[in-house]
Amino acid sequence: MSARTALIVGASRSLGLGLATEYARRGWEVIGTVRGDRRTGLHDLAEASDGRVTVESLDMTEPEEIAALRERLAKRTLDLLFVNAGITRGDIPVGEVPTEMFAEVMVTNALSPMRLVESFRSLVAPTGTIGVMSSRQGSLGLNTKGGHDVYRASKSALNQLMRSYAARYADATHTLLLLCPGHVRTELGGPAAPLTIDQSVPGVVDTINRHGGEPGLQFLNYQDQPVPW
C-alpha cells in the first residue's frame, strides 16, 4: 500500500512545520511549501526524511504562484490539502487600522487560502480531506471580549468563505475542516500561550485523520470538539 500524500501550505516554521513533521513521522509523504528562497526548518526536515518530505516554493498571496504550483503538482493525487495561514498586525482598534493593513490581513488569512482551495480541489482524492487553519477568534459566538479586531474579522471571513465553498460543492465527497489549534506558543500566539506546538499538533492531526471520509464541513478544535460559529 502506497503512502498517503499531504500538501501542507505554509510549512516553513511554527504550526505548519509541526504538521509536516507529524505527518512525516506517521509515514505520510509530505509536500510542504515555503515562501521565498531562504533556508527553513522544512528544508532540514526534508533532508532527514529519506525522501518522504519535499519542499515547494509558494507565496499564496500571489495568484500566479498558486497557478504555477498547481501545474507542477498536476499529476499528483492528494489525500490531504491543508492550508496553514495566519498573520496579525497587532491589537489595534478597527477605527485606527490603516486600509493597507486591513487588506493585507484579509488577503493573507481569508482570500488566499480560498483561492488555493479552489485551485487544488481537483487534485484531492474523492475521499480526501481539505483543511484550513482557523481560530476560535473567528467565532462570533465566542467573541465576548473583543480585541485583535482585524485578525478576528479575517478568520470569521475565512469561516464564512468555507461555508460558501461547502454549499457550492455540496455534492462533493471531500471532508472539509476548519481547525482551531488552540492558543499555542508561537509568534502569533505569544510567549504566554498555554500550549506548545508539540501539545497542539498531534491533536490537530488526530482530529483531521479521525474525520477522513466524512463529507461536509465542520469547525473543530485540536481536541476534536466543535467550535461555535
Side-chain angles (χ1 to χ4, degrees), residues 8-19 22 35 60-61 82-117 130-167 175-208 210-211 216-229:
I8 300 175
V9 176
S12 62
R13 59 188 177 88
S14 193
L15 286 166
L17 178 59
L19 288 169
E22 184 68 12
R35 187 172 58 179
M60 71 175 184
T61 66
F82 194 89
V83 186
N84 175 55
I87 63 169
T88 182
R89 291 294 182 255
D91 188 4
I92 306 172
V94 69
E96 301 173 13
V97 173
T99 300
E100 296 78 8
M101 181 186 294
F102 185 89
E104 178 194 20
V105 175
M106 285 291 181
V107 167
T108 302
N109 292 2
L111 177 59
S112 297
M114 295 312 302
R115 280 176 169 165
L116 202 141
V117 167
I130 298 173
V132 182
M133 193 71 85
S134 187
S135 169
R136 64 177 281 125
Q137 292 199 51
S139 167
L140 299 181
L142 293 178
N143 185 5
T144 59
K145 296 182 179 179
H148 297 279
D149 295 352
V150 178
Y151 179 77
R152 285 182 185 274
S154 70
K155 289 301 186 178
S156 295
L158 173 65
N159 293 353
Q160 185 73 276
L161 291 170
M162 274 293 281
R163 290 198 80 158
S164 294
Y165 174 91
T175 300
L176 304 176
L177 297 174
L178 288 158
L179 268 297
C180 170
H183 189 188
V184 185
R185 218 170 294 152
T186 63
E187 182 179 333
L188 192 150
L195 293 174
T196 66
I197 291 172
D198 290 341
Q199 290 170 323
S200 169
V201 163
V204 171
V205 173
D206 286 342
T207 299
I208 293 170
R210 191 174 294 123
H211 292 278
L217 175 63
Q218 299 182 72
F219 185 14
L220 303 169
N221 68 14
Y222 75 105
Q223 296 174 311
D224 197 17
Q225 300 165 330
V227 181
W229 292 90

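Below, each value reflects all heavy atoms present in this structure, side chains not excepted, and no hydrogens, waters or symmetry copies. Source: prediction; values computed, not measured.
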For residues [X] and [Y], determine if any side-chain heavy atom of one lies less than 4.5 Å from a side-chain heavy atom of the other.
X: Asn143; Y: Gln137; result: no
X: Leu111; Y: Met106; result: no
X: Phe82; Y: Ile208; result: yes
X: Leu178; Y: Leu220; result: no
X: Leu195; Y: Tyr222; result: yes
X: Ser12; Y: Arg35; result: no
X: Val83; Y: Met60; result: yes
X: Pro226; Y: Gln218; result: no

Could you give me the CA-CA distance, side-chain angles and deciding distance for Leu158 and Asn109, then say whether side chain to side chain contact (heavy atoms under 4.5 Å, CB included) is met? CA-CA 7 Å; Leu158 173 65; Asn109 292 2; over 6 Å; no
Matching residue for Val204 among Asn84, Ile197, Leu179, Asp224 - test: side-chain contact (heavy atoms from CB on, under 4.5 Å):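 The passing option is Leu179.
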Under the 3.5 angstrom rule, does the side chain of Thr61 hit a backbone N or O of Thr108 as a donor-acceptor pair? no
Are the side chain of Ser14 and the backbone N or O of Gly16 linked by a donor-acceptor pair below 3.5 Å?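 Absent.
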Residues that Phe219 engages under ring-ring contact (aromatic ring centres under 6.0 Å, His included), provided they are two or more places apart: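 Residues passing ring-ring contact (aromatic ring centres under 6.0 Å, His included) with Phe219: Trp229.
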